[in-house]
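Before any comments, here is the structure.
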Amino acid sequence: MPSKVERNAAMDLLDALSRPGTLPLEDVHLHVVLTATHCFDKTLMSTVVQDNVNPIECVERSALIMASVIHGCPPAGLLKASQEERVREHAPPARP
């Protein structure tokens, strides 16, 4: 239900911006930008040096979870077959 409300709000904004019927929109693209932050229990250097954890792998897992929600498909469906095993090694399955 919330996505329907948000979609209607976006369409209302598009209508207002395009002055319906008076401003033709041809060959246009809509870009949506999402931002996210990732927090570690320790500083970045401590995470790398003391815990021997690659922070990029942690961020990659978070990005994969977000992308799977946005695209409505399982995370494995977003990965190249050649990358699935590598991601599984460092990214345990997300909790339901």
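- Residues passing the side-chain contact (heavy atoms from CB on, under 4.5 Å) test with H38, sequence neighbours excluded: F40, C58, V59, S62.
- None of L64, V87, I70 except one satisfies the side-chain contact (heavy atoms from CB on, under 4.5 Å) rule with L78; the exception is L64.
- The hydrophobic cluster containing M66, built from Ile/Leu/Val/Met/Phe/Trp/Tyr side-chain heavy atoms closer than 4.5 Å, comprises no other residue.
- Applying the salt bridge (charged side-chain N to carboxylate O under 4.0 Å, His left out) test to every pair with at least one member in residues 35-52, sequence neighbours left out, gives these pairs: K42-D51.
- Shortest non-hydrogen contact noted between S68 and P74 is CB-C, 4.2 Å.
- Within a 6.0 Å sphere centred on CG of D12, other residues, nucleotides and ligands contribute more than 12 heavy atoms.
- In summary, E57 and R86 do not engage in a salt bridge, as defined by a charged side-chain N under 4.0 Å from a carboxylate O.
- Atom CG of L13 is surrounded by more than 12 heavy atoms from other residues, nucleotides or ligands within 6.0 Å.
- Under the 4.5 Å side-chain contact rule for hydrophobic residues, V28 and L14 share a cluster.
- Rounding to the nearest 0.5 Å gives a distance of 10.5 Å between CG of N8 and CG of D15.
- Across all their heavy atoms, A76 and R88 have their closest contact at CB-NH2, 4.4 Å.
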